[in-house]
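Below you'll find the structure, written out as structure tokens, and then a few comments.
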Amino acid sequence: MDLIARLRAGLPGEAILTDPDVTGSYANDMASFCEAGTPAVVVLPRTVEQVQHIMRTATELRVPVVPQGARTGLSGAANASDGCIVLSLVKMDRIIEINPVDRIAVVEPGVINAVLSRAVNAHGLYYPPDPSSWEQCSIGGNIGTASGGLCCVKYGVTAEYVLGLDVVLADGRLLTTGRRTAKGVAGYDLTRLFVGSEGSLGIVVRAVLALKPEPPEQLALAAEFPSTAAACAAVCEIMARGHAPSLLELMDRTSVRAVNDMAQMGLPDTTEALLLAAFDTPEAAADLAAVGELCTAAGATQVVPAETAAESDLLLQARRLTLTALERVKSATMIDDVCVPRSRLAEMLDGTAAIAEKYGLTIGVCAHAGDGNTHPTVCFDAADPDESRRARESFDDIMALGLHLGGTITGEHGVGVLKKEWLARELGPVGLELQRGIKQVFDPLGILNPGKLF
């Protein structure tokens, strides 16, 4: 019995896609320079039992399986391999439970981040992880790539909110990890092992997520600086003084000008760096005033605090438009995701500017400055082979710079296909050997998302 017939034995007809024109549209995520193969079939299960059937079939026939969420990723982690089963989890999109007493939500992997956030808000609760693609990205994808977002400086990343998981293993067995309780230390922490594993260890089919009380609406300020070094000095001083902003973002000159060109926001052409800070504390105005003073002392030429939530949204609009604005500069972009210690942030930004000059490219940088996570965005003409080569080389130089500064090749986007070589460099031979050993335990046949990570 062939693959499609075996799948049909446990799946409804509408859950199996075989038209090459349709299956081809599931071949890749949003990353540049990442190879993608041609899937044999795309399956869209709605139940755990259906996922188990798919994995049992894949194991019996030795067929690779590539799990997918909303495909908003930026590392090629969801890219198909030739002849694979693409296992799309978008139809498993139920919010099973929201529990205000235990402060948890139980969800399926296809739930969209923004949908969950709004649902828990209705109970006076808050799910903090907020990737920039939160209106499109799925919780399963967030878990697979250990995604972050703008609020990480105060609230942390996805991994800190995943209490427990149900995971279908490569052979179809169902594994339950973690807990629903506020505390728990029984055994190895398999839950955290799956977070960030990019579908290489199992298929997440249910998640227990921690929630927080909904905070007050945040107030923001914007501070303009004559240099990135001055802006980064302000970041270091804000954190050293013990402030806990809910957001602390930085845009370099290239990003500011791209946003100005697109949206005519009226930011001065002399702005070399724009720092955006926000607080969701009971005394947000006072916190903003204190941070504003620190910015001025660090050399800010102008500090503009908001007085209302609506004004705050206007101030933050520039940051939200950054990627869209940079995408207008050239026909293609490569978005890097290097995280460095806060104390080395200025060196990272200045080094990236030097790399842009070296390769004759436009590279805009926006950063989650409060946690040192930079997103250099390389703008290039994909139809120009030489410019594409320079773009890829500059991307590698940026990652090398991040490692040199004591950082990591990815703070929230994951490794996927794009950074496999660099993961090996960061882990070292011993770390790489142990991680491959873990992969072998969970996936002895190597059918789960092959070619990713290692």
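Being a predicted model, the structure only gives us computed values, none of them experimental.
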Any chance [atom1] of [X] has more than 12 other-residue heavy atoms, nucleotides or ligands included, within less than 6.0 Å?
X    : atom1 : result
R425 : CZ    : yes
M265 : CE    : yes
E135 : CD    : yes
R179 : CZ    : yes
E97  : CD    : yes
Q440 : CD    : yes
H404 : NE2   : no

Looking only at heavy atoms, what is the nearest atom pair of [X] and [Y], with distance?
X    : Y    : answer
S75  : G414 : CB-O, 3.6 Å
A40  : G83  : CB-O, 3.6 Å
A231 : A273 : CB-CB, 3.8 Å
C151 : P128 : SG-O, 2.9 Å
A27  : G37  : CB-O, 3.8 Å

Residues [X] and [Y] bridged, charged N to O under 4.0 Å:
X    : Y    : answer
R344 : E347 : yes
E49  : R56  : no
K419 : D396 : no
R206 : D166 : yes
D280 : K154 : yes

Is any side-chain heavy atom of [X] less than 4.5 Å from a side-chain heavy atom of [Y]?
X    : Y    : answer
M55  : I203 : yes
L219 : F279 : no
T333 : V378 : no
V63  : C84  : no

Verify, without hydrogens or angle tests, whether [X] (side chain) and [Y] (backbone) share a donor-acceptor contact under 3.5 angstrom.
X    : Y    : answer
T181 : K183 : yes
S255 : M251 : no
D130 : L150 : yes
Q50  : P45  : no
S227 : A230 : yes
H375 : A367 : no
T145 : H413 : no
Q218 : A278 : no
R62  : T59  : yes
T374 : V338 : yes

inquiry  = Strictly by side chain to side chain donor-acceptor pair (under 3.5 Å), give each pair with a member in residues 307-325 just once, sequence neighbours left out.
reply    =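 Listed by first then second residue: E249-R319.
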Using atom types as modelled, flag every donor-acceptor pair under 3.5 Å from a side chain in residues 441-453 to any protein atom, sequence neighbours excluded.
unit_1, atom_1, unit_2, atom_2, d
D443, OD1, G446, N, 3.3
D443, OD1, I447, N, 3.1
D443, OD2, K439, NZ, 2.7
D443, OD2, I447, N, 3.1
D443, OD2, L448, N, 2.8
N449, OD1, K452, NZ, 2.6
N449, ND2, A77, O, 3.0
N449, ND2, E198, O, 2.7
K452, NZ, A77, O, 3.4
K452, NZ, N79, O, 2.6

Using a 3.5 Å cut-off and no angle test, enumerate the donor-acceptor pairs between side-chain atoms of residues 284-294 and protein atoms at least two apart in sequence or in another chain.
unit_1, atom_1, unit_2, atom_2, d
D287, OD2, T281, OG1, 2.5

key: Stepwise side-chain contact (heavy atoms from CB on, under 4.5 Å) test for L3 and T57   = CA-CA 8 Å; L3 172 63; T57 300; 4.0 Å; yes
request  = Could you check H368 against E412 for side chain to side chain donor-acceptor pair (under 3.5 Å), going step by step and ending with a plain yes or no?
outcome  = CA-CA 11 Å; H368 307 312; E412 57 188 10; 2.9 Å; yes
request  = Check each of V415, L427, L403, T408 against W422 using the side chain to side chain contact (heavy atoms under 4.5 Å, CB included) test, and report the only one that passes.
outcome  =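 Single pass found, and it is L403.
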key: Criterion side chain to side chain contact (heavy atoms under 4.5 Å, CB included) against T177, the qualifying member of V208, L193, T191   =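 Exactly one candidate clears the test, T191.
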query = Are W134 and I112 close enough, and set up right, to give a side-chain contact (heavy atoms from CB on, under 4.5 Å), and what steps lead you there?
reply = CA-CA 7 Å; W134 77 303; I112 299 301; over 6 Å; no
inquiry  = Go through it in stages, so that I can follow the logic: the residues are L221 and V304, the test is side-chain contact (heavy atoms from CB on, under 4.5 Å), and I'd like the CA-CA distance, side-chain angles, deciding distance and then a yes or no.
reply    = CA-CA 5 Å; L221 67 73; V304 180; over 6 Å; no
key: Test salt bridge (Lys or Arg N to Asp or Glu O under 4.0 Å) applied to K91 and E14, step by step   = CA-CA 11 Å; K91 299 295 186 182; E14 67 270 15; over 6 Å; no
message = For a side-chain contact (heavy atoms from CB on, under 4.5 Å) check, start with the C-alpha distance between L209 and V162, then their side-chain angles and the critical distance, and finish with the verdict.
response = CA-CA 5 Å; L209 305 175; V162 183; 4.0 Å; yes
Gap between atom CD1 of I363 and atom CG of D252 - 0.5 Å precision =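 It is 10.0 Å, given to the nearest 0.5 Å.
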query = Centroid-to-centroid, Y155 to Y126, below 6.0 Å?
reply =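 For Y155 and Y126, the ring centres are under 6.0 Å apart.
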